[in-house]
There are 2 protein chains.
Amino acid sequence: MGGRQRLPLEQALLGFLIQRPMHGYDLHRRVQEELGEVWYMGLSNVYGTLKRLEEEGRVESALSPQESRPPRKIYRITPTGERSFLEWLHRPVPAIRDMRVEFPAKLYFFRALGLEGVGELISAQEAACRERLERLERKSSRHGPRDFNRLVFDFRCCQIEAILGWLRVCREQFVGGEP
Amino acid sequence: MGGRQRLPLEQALLGFLIQRPMHGYDLHRRVQEELGEVWYMGLSNVYGTLKRLEEEGRVESALSPQESRPPRKIYRITPTGERSFLEWLHRPVPAIRDMRVEFPAKLYFFRALGLEGVGELISAQEAACRERLERLERKSSRHGPRDFNRLVFDFRCCQIEAILGWLRVCREQFVGGEP
DNA sequence: ATCTGTTATTCACAAAGTGAGTATTCACAC
DNA sequence: GTGTGAATACTCACTTTGTGAATAACAGAT
């Protein structure tokens with residue numbers, strides 16, 4: 001099955017391109033340095049994603065010839081791309097499983113770009129988590145203790161509760177701290 | 001990439017077959033009833049897995065003709081299959097992400113089969129989680145606060161801490177309670 | 001008449017990303 | 001001198017796990 005979008009990869013690339021135009025190879029190196037320990041991304045994947053982004057009009061490219069080396073293809077983010085990135089950035093992640101990498105990536109870009117509004121993002125994410133938590137608690141309560149489904153629901157509940165705690169720490173760190 | 005095994009599906013089927021021989025259609029219905037709200041499993045997937053299990057000698061089948069309906073193929077677990085299932089059952093899950101479904105499945109089967117040794121499983125799982133937690137804490141500490149990698153490591157740490165709490169609840173519920 | 005359930009099987013397809021292969025030229029090591 | 005690796009770009013076959021539809025054949029319900 002799917003359902004999962006490869007949103008975060010696209011958005012991460014846009015997030016770097018918003019800082020300055022770059023070519024694919026460079027982009028890949030930057031991503032490796034900044035996010036790489038936790039978020040591996042193959043070179044071919046970067047090139048493929050850039051191609052798609054260009055077809056969608058979210059980035060545009062220009063060739064910059066070099067003596068001796070293959071010409072660089074410098075990618076620049078378009079206004080459309082910038083809008084799409086900022087929209088993504090301020091929107092809480094839709095699924096709990098995206099909290100692990102995609103949400104921290106948002107926090108990272110808020111800081112890297114010096115943007116305002118982290119507090120709102122965190123609040124919205126908290127609200128989304130709390131809603132999910134309530135729904136799961138309701139589902140859980142329909143099963144007896146030690147029932148398999150209940151175990152899984154309770155497991156997920158405890159994970160979300162921990163996330164809510166972690167989000168409070170994030171707020172302390174990201175809202176109104178030193179830059 | 002993968003790395004993920006489809007272990008749990010195989011083992012779940014074995015776990016039901018250890019209770020009594022069944023045909024695929026029936027097995028599918030049972031799984032749906034018992035685990036289905038949380039763990040969806042297509043019919044074709046069940047048949048495919050049974051076929052593989054048979055090739056590997058972990059189950060064997062016998063046809064049981066019916067008037068009018070297609071003949072049932074009754075699967076029975078073999079000693080090899082039983083050994084493989086029990087081994088799996090007592091082994092803690094190797095990755096944290098398997099805690100969500102695979103581990104509760106183990107608890108479920110301990111109870112459904114009336115087996116001893118849940119306490120040991122839970123202890124081993126706690127130990128595995130604690131080890132993972134320490135490794136992650138060490139990795140986390142190599143990054144400054146608000147660094148992306150650190151955020152993700154800390155996130156994972158908080159998830160594992162919550163799991164350790166959840167495991168304590170599991171122990172209370174599953175060890176030495178009424179059957 | 002048609003649909004749904006029983007029972008079994010097969011297969012094309014999906015998604016997402018990896019890794020290898022292809023190109024080219026320079027720099028550096030041995 | 002020759003090989004290796006870095007810089008730069010691109011393509012593509014393949015992996016994995018599983019879904020959903022198609023196919024078959026017949027019973028009983030509506």
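Both backbone and side-chain heavy atoms feed into the values below; hydrogens, waters and symmetry mates do not. All chains are named by letter (A, B, ...) in the order of the sequence lines, taking the proteins before the strands, and each is independently numbered beginning at 1.
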**Request:** Let me know the distance between CZ of A:Arg72 and P of D:dA9, rounded to the nearest Å.
**Result:** 8 Å
**Request:** When you get a sec, tell me which of C:dG19, D:dT11, C:dT6 is the closest nucleotide to the side chain of A:Tyr40?
**Result:** C:dG19
**Asked** In terms of side-chain heavy atoms of A:Ser44, which of C:dA8, D:dG18, D:dT11 is nearest?
**Response** D:dT11
**Request:** Take the protein atom CG of A:Asn45 and the nucleotide atom C1' of D:dC12, then report the distance between them rounded to whole Å.
**Result:** 14 Å
**Message:** Closest approach to the side chain of A:Lys51, judged atom by atom: which nucleotide of C:dA8, C:dT10, D:dT11 is it?
**Reply:** D:dT11
**Item:** Nonpolar side-chain network containing B:Tyr25, other nodes, edges under 4.5 Å
**Value:** B:Leu43, B:Tyr47
**Message:** What is the separation between atom CG on B:Leu50 and atom P on C:dT7, rounded to the nearest whole Å?
**Reply:** 14 Å
**Request:** Let me know the distance between NE2 of A:His28 and P of C:dG17, rounded to the nearest Å.
**Result:** 13 Å
**Request:** Return the value, rounded to whole Å, for the distance between atom CZ of B:Arg97 and atom C1' of D:dT16.
**Result:** 13 Å
**Prompt:** With A:Leu27, which of A:Met22, A:Met41, A:Gln32 fulfils side-chain contact (heavy atoms from CB on, under 4.5 Å)?
**Reply:** A:Met22
**Prompt:** Looking only at side-chain N and O atoms, does B:Gln66 come under 4.0 Å of OP1 or OP2 in C:dT6?
**Reply:** no
**Complete:** When rounded to whole Å, the CD to P distance for the pair A:Gln11 and C:dA16 reads 14 Å
**Prompt:** Which whole-number value in Å describes the distance from A:Glu54 CD to D:dA9 C1'?
**Reply:** 13 Å
**Message:** If you compare every side-chain N and O of A:Tyr47 against the phosphate oxygens of D:dA9 (OP1, OP2), does one of them come in below 4.0 Å?
**Reply:** yes
**Message:** Using the rule salt bridge (Lys or Arg N to Asp or Glu O under 4.0 Å), only one of A:Glu55, A:Glu54, A:Glu56 pairs with A:Arg58; which is it?
**Reply:** A:Glu56
**Prompt:** For the ring pair B:Phe155 and A:Phe103, is the centre-to-centre distance below 6.0 Å?
**Reply:** no
**Fill in**
Ranking C:dT10, D:dT8, C:dG19 by distance to the side chain of A:Arg29, first place goes to D:dT8
**Prompt:** Side chain of B:Arg69: nearest nucleotide among C:dT6, C:dT9, D:dG18?
**Reply:** C:dT6
**Message:** Take a 6.0 Å sphere around CZ of A:Arg76 and say whether it holds more than 12 heavy atoms from other residues, nucleotides or ligands.
**Reply:** no
**Request:** Report the distance from atom CG of B:Leu9 to atom C1' of D:dT16, rounded to the nearest whole Å.
**Result:** 14 Å
**Message:** The side chain of A:Tyr25 is closest to which nucleotide in this list: D:dT8, C:dA8, C:dT18?
**Reply:** D:dT8
